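To start, the structure itself, in structure tokens.
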Amino acid sequence: VMDSHTTYTSLATLRNISRNLETQMQEKHREMTFLRNDFLATQRQYKDLQKIIRFLERKHGESI
């Protein structure tokens, strides 16, 4: 059985680990959000470009 000092020290350690994980999650969430938005912007540009290419191919009857 752990004495109360050991229990308190263990609890403090667990709380520190928990705080560190929370900080990591917040940082990773910010990075994830940035990366997702960056990806979506690139995806929109790609889709717009594909539409333009298809339009021009139909208009000129060419395959590029």
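Since we're looking at a predicted model, the values are computed, not measured.
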Query raised in the report: Yes or no on side-chain contact (heavy atoms from CB on, under 4.5 Å) for Glu27 and Arg30, after CA distance, side-chain angles and deciding distance?
Result: CA-CA 5 Å; Glu27 290 171 2; Arg30 278 191 294 273; 3.5 Å; yes
Could you tell me the separation between the [atom1] atom of [X] and the [atom2] atom of [Y], rounded to the nearest 0.5 Å?
| X | Y | atom1 | atom2 | value |
| --- | --- | --- | --- | --- |
| Asp38 | Thr33 | CG | OG1 | 12.0 Å |
| Met25 | Glu22 | CE | CD | 6.0 Å |
| Phe39 | Tyr46 | CZ | OH | 11.0 Å |
| Gln24 | Arg19 | CD | CZ | 13.5 Å |
| Asp48 | Ile53 | CG | CD1 | 11.0 Å |
| Arg44 | Leu49 | CZ | CG | 14.5 Å |

Query raised in the report: With respect to Ser10, which candidate in Thr7, Thr13, Thr6 satisfies the side-chain contact (heavy atoms from CB on, under 4.5 Å) definition?
Result: Thr6
Report task. Examine Ile52 and Phe55 and state if one hydrophobic cluster contains both, with Ile, Leu, Val, Met, Phe, Trp and Tyr joined whenever side-chain heavy atoms are less than 4.5 Å apart. Result -> yes
Query raised in the report: Run the side-chain contact (heavy atoms from CB on, under 4.5 Å) check on Leu40 and Gln43 step by step: do they pass?
Result: CA-CA 5 Å; Leu40 292 173; Gln43 185 182 53; 3.6 Å; yes
Query raised in the report: For Leu14, does its backbone N or O pair with a side-chain atom of Ser18 as donor and acceptor, under 3.5 Å?
Result: no
